[in-house]
Every structure is written in C-alpha cells, then in structure tokens.
Amino acid sequence: MIDKEYIQDILDKVKNPTMDEIQDILLRAKKREPLSHHDIGALLNAKDPVQIDEIHQIAGELKEEIYGSRVVMFAPLYISNFCVNNCLYCGYRRDNDFERVKLNQEEIKNQAILLEKLGHKRLALEVGESPKETPIDYVIESIKTIYENSSIRRINVNIAATTVEDYKKLHEVGIGTYILFQETYDKEIFKRVHPKSLKGDYDYHLHAFDRAIDAGIDDVGAGVLFGLADYRYEVLSLIIHNQYLEEKYGFGFHTISVPRLKKAEGMSLEDFPYIIDDEAFKRIVTVLRLAVPYVGLILSTRETKEIREELINQGVSQISAGSKTDVGGYHEEHAEFEHDQFELSDERTVLEINKDLIKRGLIPSYCTACYRMGRTGDRFMELAKKGTIGLICEPNALLTLTEYILDYGDEELKENGLVFVREHAETIKNQKVKNQLVEYINRIVDGERDLYF
Ligand code: SAM
Ligand code: SF4
C-alpha cells in the first residue's frame with residue numbers, strides 16, 4: 001500500500017509548484033472536489049505567503065461548513081507504563097529505568113470518576129505494550145470498569161497493534177474509535193526508531209487496521225508522530241492509507257491525530273533531524289483538512305494554547321483538555337507528576353479551555369450520540385458527506401454543553417454559557433430541529449440528562 005518510490009517520485013515532481021497550479025488546486029479544494037496525490041504534494045510545497053494564507057483560510061472555511069462551530073472534547077487516561085518496546089522517542093520505553101506502574105481496577109474507577117468530575121464523557125485509553133503485565137483481558141476489564149462506574153460514555157482505545165482475536169474482544173466490549181499511530185510511514189526510519197521491539201514489525205503495524213476491521217471494528221483513527229521523518233512524505237502516506245481502507249472496506253479513518261514530537265525522558269530532540277516548526281505544522285493540519293474534509297482532526301495538549309486556538313479555526317475538530325500523561329495522573333489536588341510520557345504545552349484546566357472556546361464563539365461538544373446510535377463506519381461517512389451530520393451534531397453539541405455548564409460550570413460560566421447556548425440554538429435553520437432543541441434545552445435546565453438527536 002505504501003510505495004516509497006511512488007511517493008518520493010511525486011514529491012520530487014512537485015517541489016516547485018507554480019502559482020497557477022496552486023490556484024487551480026485551491027479552487028477545486030473549495031468545492032470539496034477530491035484532490036490527487038500530486039495536488040496534495042503541491043500544496044505541501046506551496047511557497048507564496050499569500051497562497052499559504054489562502055490554504056489556511058480555505059481549511060477554516062471547510063471546517064466551518066462541515067463541522068460548524070463545534071469542537072469535540074476528550075481526555076487521555078494512562079493506565080499502565082509497562083512497556084516491552086524501546087521506541088527511541090518515548091518516555092515509557094524499555095531502556096528508561098524507573099519504577100513501572102499499572103493501575104488496578106479500583107484505581108481505574110477512581111481516575112474515571114475524577115475525569116467525570118472535570119465534565120469529560122469521552123476518553124482515550126492509553127496503555128504501554130506488555131503482553132505479560134497488560135494483556136488484552138486487563139484492557140477489557142478496565143474498559144468495563146470505566147463504563148460501569150462512571151458517566152464516561154465513549155472510550156477510544158490506543159493500544160499496540162494486535163491480533164484479530166484481541167480486536168474481537170475490544171469490539172465486543174464496545175469501544176469508540178480504535179486509535180493507532182503509524183508513528184512514521186518511512187519503513188527504514190520506522191525500523192530505526194523501534195529497535196529490538198515487538199512494535200518494530202512495520203508491516204504488522206501498518207496492517208493493524210485491516211485486522212481490527214476484520215474483527216468487526218468499523219471506527220479507526222490514525223496518526224503520525226510528526227518529527228520522525230519528512231512531513232510531506234507522512235501526509236501523502238496518510239492519504240494513501242486512508243484511500244486504501246476506503247476502497248477495501250467502504251470507509252477510511254474516522255480521525256487523524258497529529259502529535260508532534262516533544263521532549264521526553266531519555267531522548268533529546270537534537271537526535272531527530274526532521275523536527276518541524278510551527279509553520280510546517282500548520283501546513284500539515286490545513287492540507288489534511290483540504291485533502292480529507294470529512295475526517296476528524298485531533299490536536300492534543302502537546303501543542304500550546306496559541307497554536308491550538310489558531311488551528312481550531314483552520315481545520316482541527318477535536319481537542320484533548322486538562323490532560324495528564326502519567327499513569328494515575330488525575331488528582332483532586334494539584335500534584336507533581338513524576339513520569340510523564342512526554343512534555344505538555346497547554347496546561348489550562350478543562351473549565352478554562354471551555355470558557356476560552358465559548359468566548360470565541362465555539363461550542364465545546366461532549367456528544368457521543370453517533371456512536372451510541374450506531375452512526376459509525378460507512379453509515380457515518382455517508383451522513384457526513386451528505387452534510388446531515390451538521391444538522392444532528394450542532395444541536396447535540398449544544399445539548400451536551402448545556403449539561404456541562406449546569407453540572408461543572410462555575411458561576412461565570414453558568415451566567416454567560418446558557419445565554420450563549422440559547423443564542424446559538426436560535427441560529428439553527430431547520431425549524432423542526434430548532435423547536436425540538438429548545439425543548440430539550442429547557443428539559444435539561446429542569447434536571448433531565450442525556451437527551452440527544
Ligand atoms: N503504546 C501504544 C502505542 O505505542 O501505540 C499506545 C499509546 S502511546 C502511550 C501513544 C502515542 O504517544 C504513541 O503512539 C506516540 O505517537 C506518542 N508519543 C510517544 N512519545 C512521544 C513524544 N516524545 N512526543 C510526542 N508524542 C509521543
Ligand atoms: Fe511503549 Fe507506546 Fe511508548 Fe512505544 S510509544 S515505548 S510502545 S508506550
């Protein structure tokens with residue numbers, strides 16, 4: 001599926017696209033016409049500052065047209081840092097000598113309750129790879145513990161590439177998205193950064209989604225750890241991987257994450273020659289939005305407040321908030337964290353992030369309705385492409401935000417937030433949906449919960 005020569009050849013041919021070429025591609029992108037590999041390569045190489053601004057602007061317009069003002073919120077939950085792999089970029093790698101921990105079910109329950117108290121409904125469960133310490137049954141039990149003991153409604157799972165049998169178990173327990181980052185699509189670099197590791201088998205890793213889909217999972221999320229290899233190569237590879245899945249299974253990635261390499265214990269950023277600057281990072285996000293308009297783009301707290309705010313307007317549709325990347329990292333009181341997987345840059349609380357989003361006219365969304373109504377895989381894509389998702393999602397976002405404001409907001413948010421929700425509800429064009437939405441908002445204010453379209 002990933003043919004290095006083919007991708008390299010395209011990148012060589014589009015090194016210096018003309019302004020006319022870029023203009024033509026942008027016209028087509030605006031109309032949401034499919035872009036060729038050549039087009040995507042050219043956009044990644046555009047050099048004229050005015051045209052680069054235009055790429056950013058069109059990405060913002062597409063985001064607004066498809067997703068409206070919503071920003072989906074989630075938090076990661078790390079339950080174990082035991083790891084048999086030696087990924088050279090990761091603080092949890094085998095060679096780093098520190099006392100490893102894994103949470104027991106009681107501790108997992110407590111973490112879920114703490115996350116619930118922050119208002120979260122959606123988690124990304126993160127686990128290091130250790131067949132002995134954290135076999136699939138431990139992961140399954142942990143998922144059940146969270147669902148049974150908290151109001152967390154959707155658990156996305158980010159665990160190492162595994163077998164069809166293991167994926168079947170994940171499917172049966174009812175996960176949201178199965179997330180796996182390819183880290184890099186460059187085979188040589190992949191092998192180099194995963195020395196003597198289970199994870200070092202490039203083809204097994206690359207075909208993990210095929211096995212997950214064979215096992216019945218129809219919601220998968222990809223990602224690249226940007227900074228390991230040439231970002232242009234990675235972006236084209238992501239697009240090719242997505243097309244491969246679409247052609248084979250009728251649906252591609254539900255989400256793409258864009259983690260950027262950060263300083264971690266036992267590694268120095270100087271050892272990574274492909275580190276990318278903010279300008280290149282913005283290009284990655286905006287070109288992805290143009291290339292795959294219907295795929296959710298996820299930005300984590302690895303990035304600063306400033307970059308996150310900018311990119312939410314230019315294509316990003318999901319963000320994590322209030323994140324901790326150490327095992328058992330959520331505490332009632334502030335605590336010092338000893339073993340983070342990597343450094344974080346946006347340390348605002350969930351409440352602060354939500355208030356900032358609302359001030360900028362954006363709707364933090366805690367909606368999990370699609371997944372609970374079975375709107376996943378090819379059904380989701382069909383609705384997304386018809387634009388129907390917008391009709392359902394914006395009202396659902398407003399409903400979950402109303403719940404958030406009432407249950408977790410401070411006085412200031414309660415005062416401004418409800419006004420914001422009601423004002424937004426008035427802008428819904430479909431009269432029937434608007435009436436129903438206003439009725440639901442009133443019922444939530446009166447104490448009902450979990451109403452959705
Ligand atoms: N262990 C599993 C795996 O590797 O797929 C799952 C989760 S791992 C905890 C989550 C992701 O963190 C990795 O896929 C990697 O992309 C990212 N990561 C690791 N080290 C990082 C670093 N130094 N900076 C930014 N992201 C990093
Ligand atoms: Fe382990 Fe995942 Fe970190 Fe690699 S990235 S060392 S597999 S936790």
Side-chain angles (χ1 to χ4, degrees), residues 74-98 100-102 123-134 136 138-139 142 155-162 166 170 175 177-185 189-202 204-206 208-209 212 220-229 234 238 255-272 274-276 281 298-304 320 323-327 329 339-346:
F74 76 100
L77 174 58
Y78 284 76
I79 58 171
S80 166
N81 56 22
F82 281 93
C83 197
V84 296
N85 295 315
N86 211 12
C87 312
L88 295 186
Y89 45 81
C90 180
Y92 289 170
R93 63 195 263 224
R94 187 178 67 218
D95 277 359
N96 278 352
D97 186 19
F98 63 93
R100 306 278 165 160
V101 274
K102 76 172 177 195
L123 299 187
L125 193 71
E126 309 278 343
V127 195
E129 180 168 17
S130 174
K132 192 164 134 262
E133 295 291 342
T134 55
I136 193 71
Y138 166 79
V139 177
S142 308
I155 305 175
N156 297 335
V157 176
N158 185 1
I159 60 162
T162 185
D166 284 0
L170 279 181
I175 61 165
T177 309
Y178 171 58
I179 299 170
L180 182 69
F181 300 162
Q182 179 59 32
E183 317 297 7
T184 174
Y185 283 92
I189 296 180
F190 185 94
K191 284 183 181 295
R192 202 179 322 135
V193 296
H194 300 117
K196 297 205 181 85
S197 297
L198 281 183
K199 189 165 170 179
D201 185 338
Y202 178 88
Y204 186 74
H205 199 84
L206 186 61
F209 290 149
V220 293
V224 153
L225 182 53
F226 285 99
L228 296 179
E234 307 283 32
L238 273 168
T255 55
I256 295 178
S257 300
V258 288
R260 188 158 45 149
L261 192 60
K262 300 284 296 187
K263 169 83 189 90
E265 195 178 322
M267 67 85 117
S268 162
L269 287 177
E270 278 159 23
D271 295 334
F272 294 86
Y274 289 101
I275 293 296
I276 44 175
F281 190 62
I298 302 183
L299 201 58
S300 76
T301 52
R302 290 174 183 88
E303 299 300 329
T304 60
S320 50
S323 306
K324 305 290 176 220
T325 64
D326 53 343
V327 175
H339 284 291
D340 288 343
Q341 192 198 11
F342 45 79
E343 286 177 359
L344 299 179
S345 300
D346 186 350

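Position 1 is the first residue of the sequence; numbering continues from there. Note that the structure is predicted; figures quoted are calculated from it, not measured. These numbers come from the heavy atoms of this one structure, side chains and all, not from hydrogens, waters or symmetry mates. Every number for a ligand or one of its atoms is a count from 1 in the order of the listing.
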Undergrad: Does some side-chain heavy atom of Leu198 sit less than 4.5 Å from a side-chain heavy atom of Pro131?
TA: yes

Undergrad: Of all the non-hydrogen atoms in the protein, which one sits nearest to atom 21 (C) of ligand 1, and at what distance?
TA: Phe342 CD2, 3.5 Å

Undergrad: Take atom CG in Asp97; do more than 12 heavy atoms of anything else shown fall under 6.0 Å from it?
TA: no

Undergrad: Give the intermediate values and the outcome of side-chain contact (heavy atoms from CB on, under 4.5 Å) for residues Val157 and Ile155.
TA: CA-CA 6 Å; Val157 176; Ile155 305 175; 4.2 Å; yes

Undergrad: Identify, by atom number and element, the atoms of ligand 1 in contact range of Leu180, meaning under 4.0 Å from any of its heavy atoms.
TA: 5 (O)

Undergrad: Fit a plane to each ring of Tyr78 and Tyr92, take the angle between them on a 0 to 90° scale, and name the class: parallel (under 30°), tilted (30 to 60°) or perpendicular (over 60°).
TA: perpendicular

Undergrad: Compute the shortest N/O to N/O distance between Tyr89 and ligand 1 and return yes if it is under 3.5 Å, no if not.
TA: yes

Undergrad: Counting only heavy atoms not in Phe181, do more than 12 fall under 6.0 Å of its CZ?
TA: yes

Undergrad: Under 4.0 Å from any heavy atom of Ala264, which atoms of ligand 1 are there?
TA: 23 (N)

Undergrad: Taking atom types as modelled, is there a side-chain donor on Lys262 or Ser345 under 3.5 Å from an acceptor on the other?
TA: yes

Undergrad: Grab the two heavy atoms, one from Arg93 and one from Gly266, that are nearest each other, plus how far apart they are.
TA: NH1-O, 2.7 Å

Undergrad: Look at atom 7 (C) of ligand 1 and say which protein heavy atom is nearest, naming residue and atom and giving the distance to 0.1 Å.
TA: Glu126 OE1, 3.3 Å

Undergrad: Do me a favour and list the nearest non-hydrogen protein atom to atom 24 (N) of ligand 1 with residue, atom name and distance?
TA: Lys262 N, 2.9 Å

Undergrad: For Arg302, is at least one N or O under 3.5 Å away from an N or O on ligand 1?
TA: yes

Undergrad: Would Arg100 and Glu133 pass as an ion pair if we require N to O under 4.0 Å?
TA: no

Undergrad: Could you tell me whether ligand 1 has any atom less than 4.0 Å away from a heavy atom of Tyr92?
TA: no

Undergrad: Which residue owns the protein heavy atom closest to atom 19 (C) of ligand 1, what's the atom, and how far is it?
TA: Gln341 NE2, 3.4 Å

Undergrad: Counting backbone and side chain alike, does Cys83 bring an N/O/S atom below 2.8 Å of atom 4 (Fe) of ligand 2?
TA: no

Undergrad: To which protein heavy atom is atom 6 (C) of ligand 1 closest, and what is the distance rounded to 0.1 Å?
TA: Asn158 O, 3.2 Å

Undergrad: Tell me whether the rings of Tyr89 and His194 are parallel (<30°), tilted (30 to 60°) or perpendicular (>60°).
TA: perpendicular

Undergrad: Indicate if the distance from atom 1 (Fe) of ligand 2 to the nearest N, O or S atom of Cys90 falls below 2.8 Å.
TA: no

Undergrad: Short list, please: which atoms of ligand 2 are under 4.0 Å from a heavy atom of Arg93?
TA: 6 (S)

Undergrad: Consider side-chain contact (heavy atoms from CB on, under 4.5 Å). Of Leu125, Thr134, Val127, which one does Ile159 pass it with?
TA: Val127

Undergrad: To the nearest 0.5 Å, what is the distance between CD (Glu183) and SG (Cys90)?
TA: 8.5 Å

Undergrad: Nearest heavy atom to atom 16 (O) of ligand 1 wins, so pick from His194, Glu129, Glu183.
TA: Glu183

Undergrad: For Lys199, which part has a heavy atom under 4.0 Å from ligand 2: side chain, backbone, both, or neither?
TA: side chain

Undergrad: Can you find a non-hydrogen atom of Lys199 under 4.0 Å from ligand 1?
TA: yes

Undergrad: In terms of residue, atom name and distance, what is the protein heavy atom nearest to atom 4 (Fe) of ligand 2?
TA: Cys87 SG, 2.2 Å

Undergrad: Atoms of ligand 1 less than 4.0 Å from Tyr78 heavy atoms?
TA: 9 (C)

Undergrad: Can you name the closest pair of heavy atoms from Leu261 and Phe272 and give their distance?
TA: CD2-CG, 3.5 Å

Undergrad: What part of Cys90 sits under 4.0 Å from ligand 1 if we count only heavy atoms: the side chain, the backbone, both or neither?
TA: both

Undergrad: Which atoms of ligand 2 sit under 4.0 Å from any heavy atom of Asn85?
TA: 7 (S)

Undergrad: Asn96 and Gly91: which non-hydrogen atoms are nearest, and at how many Å?
TA: ND2-O, 2.9 Å

Undergrad: Report the member of Leu344, Val127, Thr184 with the shortest heavy-atom distance to atom 1 (N) of ligand 1.
TA: Val127

